[in-house]
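If you read the sequence from its start, that first residue is 1, and numbering goes on from there. No hydrogens, no waters, no symmetry mates; every other heavy atom, side chains included, goes into these values.
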Amino acid sequence: MSISHPIVLILPGASVPIRAGNPPKASPVDDSCNEDDSHNEVERRRKHKISACIKELARTVSPSCSCQLQKATRAEILQRVVERIQRLQEENRQLEERLAGMPQPGQDSELQCRLSQLLLEHI
């Protein structure tokens, strides 16, 4: 009867000997590293997208003051955007009120007819 001794390899830096013929199994730590790397990449892309959108908002709100806005914090830029939107909403409301007070296209022709009648009466 022959006794077979397994071949044992000790790799540099390895704390546990590896038996030949049995590939090392991936440890849970390896999987979590891949998950961490993937999560970090997703988070990096998300932050980059948010930064790009905030820069675009800053350029849109104040294109002439871009150097001043580059030094502004994100909160300051968002506050300026909110203020700008509120000003535009107020301007829009005022314009709608002015428009409501103006004669409508149908009313204009009625006024012209009435004016023509009055002129004819005085001739």
Side-chain angles (χ1 to χ4, degrees):
M1 175 174 201
S2 87
I3 297 179
S4 167
H5 295 288
I7 300 174
V8 177
L9 302 173
I10 299 178
L11 300 175
S15 59
V16 179
I18 300 173
R19 294 183 185 271
N22 295 332
K25 295 179 181 176
S27 68
V29 174
D30 292 339
D31 289 341
S32 69
C33 287
N34 289 338
E35 288 174 12
D36 287 345
D37 291 344
S38 176
H39 173 74
N40 289 343
E41 181 59 30
V42 168
E43 184 67 13
R44 196 173 7 263
R45 283 193 305 257
R46 185 187 72 81
K47 286 182 178 182
H48 177 73
K49 187 174 183 178
I50 290 170
S51 293
C53 289
I54 288 178
K55 287 177 185 176
E56 182 64 26
L57 281 172
R59 282 191 300 270
T60 303
V61 170
S62 298
S64 61
C65 303
S66 61
C67 61
Q68 184 182 15
L69 286 174
Q70 286 176 352
K71 297 175 185 176
T73 65
R74 290 177 175 196
E76 292 168 336
I77 291 170
L78 292 175
Q79 180 61 41
R80 289 179 187 173
V81 168
V82 168
E83 291 168 0
R84 177 71 172 141
I85 290 171
Q86 289 171 341
R87 280 194 308 271
L88 290 171
Q89 286 175 331
E90 179 60 24
E91 287 176 26
N92 189 42
R93 187 190 61 76
Q94 291 174 357
L95 290 171
E96 286 176 344
E97 285 177 3
R98 284 179 51 196
L99 184 61
M102 297 177 80
Q104 300 300 316
Q107 292 175 342
D108 196 33
S109 61
E110 291 174 18
L111 291 173
Q112 287 177 348
C113 287
R114 180 69 179 134
L115 182 59
S116 297
Q117 287 173 353
L118 289 172
L119 287 172
L120 290 174
E121 289 174 6
H122 291 305
I123 296 181

- Item | Spatial distance of atom CZ (R44) from atom NE2 (H39) [nearest 0.5 Å] | 10.5 Å
- E76 CD to I54 CD1 distance, which is reported to the nearest 0.5 Å: 12.0 Å
- Query: What about L78 and V82, same hydrophobic cluster or not, with Ile/Leu/Val/Met/Phe/Trp/Tyr joined at side-chain heavy-atom distances under 4.5 Å?
  - Reply: no
- What is the distance from atom CZ of R74 to atom CG of L57, rounded to the nearest 0.5 Å? 11.5 Å
- Rounded to the nearest 0.5 Å, what's the gap from CZ on R114 to CG on L119? Could you check? 10.5 Å
- So, R46 and E43, do they make that salt bridge, N to O below 4.0 Å? yes
- Is the closest basic N to carboxylate O distance between E96 and R93 below 4.0 Å? no
- Give a yes or no on whether the backbone of K47 and the side-chain of S51 come within a donor-acceptor separation of less than 3.5 Å. yes
- Note on the structure: CD (Q89) and CD1 (I85) are apart, to the nearest 0.5 Å, by 7.0 Å
- Message: Could you check whether R87 pairs with E90 (Lys NZ or Arg NE/NH1/NH2 to Asp/Glu carboxylate O, under 4.0 Å)?
- Response: no
- Item | Closest contact, heavy atoms only, V61 versus R80 | CG1-O, 4.1 Å
- Note on the structure: dist H48:NE2 -> I50:CD1 (nearest 0.5 Å) comes out at 11.5 Å
- Message: Quick check against the 3.5 Å criterion: does N92 have a side-chain atom that pairs as donor or acceptor with the backbone of L88?
- Response: no
